[in-house]
Number of protein chains: 2
Amino acid sequence: MTAQRRQPRSRPETLARRRDILDAAVEIFGSKGFAGGTLQEIADQVGMTHAGILHHFGSKDQLLIEVLQHRDETDVADLEEQHIPDGMPLFRHLVRTAFVNEHRAGIVQAYAVLSAESVTDDHPGRAFFEKRYRTLRSEVAHAFEVVCAERGITTPDTIADASTSILAVMDGLQVQWLLDPTAVELARASEFAIEAIVTAVLSPTPSPLADGADEHAQPSRSSV
Amino acid sequence: MTAQRRQPRSRPETLARRRDILDAAVEIFGSKGFAGGTLQEIADQVGMTHAGILHHFGSKDQLLIEVLQHRDETDVADLEEQHIPDGMPLFRHLVRTAFVNEHRAGIVQAYAVLSAESVTDDHPGRAFFEKRYRTLRSEVAHAFEVVCAERGITTPDTIADASTSILAVMDGLQVQWLLDPTAVELARASEFAIEAIVTAVLSPTPSPLADGADEHAQPSRSSV
DNA sequence: GTCTATAAGCTGATAGAC
DNA sequence: GTCTATCAGCTTATAGAC
């Protein structure tokens, strides 16, 4: 596990070119989607022909896959510098990420658009996002387990629901924020929701929704 | 405000045909996205040629717009039968919706895919989703105002953050659930998150995240 | 490594017969 | 109202010159 991740495929000049293409692809796929964006547009942005791009990546599908991997490696590298937080600091890190994201609309949009598009039939990014969410969920769940253990709380289902919910709010807020930045305070709302969910795990309270009379439509035995 | 919404454009036979096309379009756009889905596929599903579809709707863009309007009218009609809930019952209604959605993966996917895709450049569904979220947010916010007023709580920012967050979790959970239904309990997690957020509004607690030492990276004056 | 040229296919949309 | 025929345009991808 040294510094160099894989053997350089070729001259550093070529690798730099590949990185240029990957950066351009993030921007185009982010602003047009994968199905909507074209190799031509990516080629224009980086100043070559679409044939040149296919020379480097073989196919459009493969380009998307490498775009996602590259983005992930970059983000993970950033994280590792601050050696991955755990326990309560992880939740603080997620809030901080939301504040940072407020100034990176481009990358936020790329993830928002591509993750949702990845659920469509035969989408080349599907495996990536499936794995990504699985990993993120287990990281957040582990943080919950740490803070819960300290306080003697053990509620596996709750931890699972809370973990997936925290990632879900962050994603959902991004979509609403991208649609109307003036109507949604991305960072502040993310902080509020994450605090609400963490609090619900650490200090369970009776459900505020459980008092109505005629809820579940199914005719159950009437409890006087 | 009688039963018929607009004057029938033509024979009821034609309207039925249009509805068939709209239903097919939801399915195709839902499973392939708007950019990825084609008029040909929609035509095949309904048993005609793509020229026939263009005869009815004029353009692919216009078809999407009418698809979204039609879906919305259908859903709203369902809601009005149970005359739109408000206050605490609205939150219960949202939870119930999550339970129903667990058995309607097709429609869930259509909304998830199209709403995220709508943030891309010049997407014909953008105006629809902008308005949709604006409306939903204000409805949820109003429900919060009702229950807050009963208890003498007034926190406009909190209500805004909570309202947008509730819609956000529901959306975000749907994406994760569509990617891996075995890993996410859509309804249960939605219920947990909504309860957590409602509780946070009604019974504010000190932030569980505020105790760490070296948070915000910026070198502020050290408070000993 | 990048280009030009070319292929083969599909796209949304139009015109006109029935 | 639906079809066939046709269009121009654009898509990804390949082959081969430089």
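We name chains A, B, ... by the order of the sequence lines, and we start the count at 1 in each one.
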Which nucleotide, C:dT4, C:dA13, D:dT4, lies nearest any side-chain atom of B:Thr49?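 When the side chain of B:Thr49 is considered, D:dT4 is the closest of C:dT4, C:dA13, D:dT4.
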
Identify which nucleotide among C:dG1, D:dA13, C:dC3 has an atom closest to any side-chain atom of A:Ala51, counting heavy atoms from C-beta outward.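 Minimum distance to the A:Ala51 side chain belongs to C:dC3.
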
Ignoring hydrogens and angles, write down the donor-acceptor pairs under 3.5 Å from the side chains of residues 180-187 of chain B, residues two or more places apart or on other chains.
from     : atom 1 : to       : atom 2 : distance (Å)
B:Asp180 : OD1    : B:Thr182 : N      : 3.3
B:Asp180 : OD1    : B:Thr182 : OG1    : 2.7
B:Asp180 : OD1    : B:Ala183 : N      : 3.4

Work out which heavy atom in A:Val119 is nearest to a heavy atom in B:Val175; give both atom names and the distance.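 Reported closest heavy-atom pair: CG1-O, 4.3 Å.
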
Could you pull out all residues at least two apart from B:Ser59 that satisfy side chain to side chain contact (heavy atoms under 4.5 Å, CB included)?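 Expected list: B:Asp61, B:Gln62.
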
Among all residues two or more places apart in sequence or in another chain, which pass the ring pair (Phe, Tyr, Trp, His ring centres under 6.0 Å) test with [X]?
X	answer
B:Phe91	B:Phe144
A:Phe34	A:Phe29, A:His123
B:Phe129	none

Pairwise side-chain hydrogen bond (donor to acceptor under 3.5 Å, both in side chains) hits with a residue in residues 41-54 of chain B, at least two apart: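 Residue pairs with at least one partner in residues 41-54 of chain B: B:Glu27-B:Gln45, B:Lys32-B:Glu41, B:Thr38-B:Glu41, B:Gln40-B:Asp44.
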
Qualifying side-chain hydrogen bond (donor to acceptor under 3.5 Å, both in side chains) pairs, either residue in residues 100-109 of chain A, two or more places apart: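 Residue pairs with at least one partner in residues 100-109 of chain A: A:Asn101-A:Arg104.
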
With DNA chain D as reference, determine whether B:Ile21 or B:His50 sits nearer its 5' end, using the nearest nucleotide of each.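 Its nearest nucleotide lies further toward 5', so the answer is B:Ile21.
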
Nearest 0.5 Å please: distance from the CG atom of B:Leu179 over to the CZ atom of A:Arg132.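 Between atom CG of B:Leu179 and atom CZ of A:Arg132 there are 11.0 Å.
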
Residues within residues 52-64 of chain B bordering DNA chain C, heavy-atom distance below 4.0 Å: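 Residues of residues 52-64 of chain B that come under 4.0 Å of DNA chain C are, in numerical order, B:Leu54, B:Ser59, B:Lys60.
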
Only one of A:His56, A:Glu66, A:His70 clears side-chain hydrogen bond (donor to acceptor under 3.5 Å, both in side chains) with A:Arg18; which?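 One option only clears the test, and that one is A:Glu66.
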
Quick one: does any side-chain atom of A:Arg137 pair with a main-chain N or O of A:Ser163 as donor and acceptor, under 3.5 Å?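 No, because the side chain of A:Arg137 does not come within donor-acceptor range (under 3.5 Å) of the backbone of A:Ser163.
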
Can you sort out which residues in residues 113-123 of chain A have a heavy atom within less than 4.0 Å of DNA chain D? Ascending by number, please.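 None, since no heavy atom is under 4.0 Å.
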
Going by heavy atoms closer than 4.0 Å, what residues in residues 22-44 of chain B are next to DNA chain D?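 When residues 22-44 of chain B is checked for heavy atoms under 4.0 Å from DNA chain D, there are no hits whatsoever.
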
Any salt bridge (charged side-chain N to carboxylate O under 4.0 Å, His left out) pairs touching residues 109-124 of chain A, not counting sequence neighbours?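 Listed once each, the pairs would be none.
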
Carboxylate-amine/guanidinium contact A:Glu130 A:Arg126, below 4.0 Å: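 So A:Glu130 pairs with A:Arg126 through a salt bridge.
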
Every protein N/O within reach of nucleotides 16-18 of chain C N/O, cut-off under 3.5 Å:
none

Is there a side-chain polar atom (N or O) of A:Arg17 under 4.0 Å from OP1 or OP2 of C:dT2?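 True: A:Arg17 side-chain N/O within range (under 4.0 Å) of C:dT2 OP1/OP2.
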
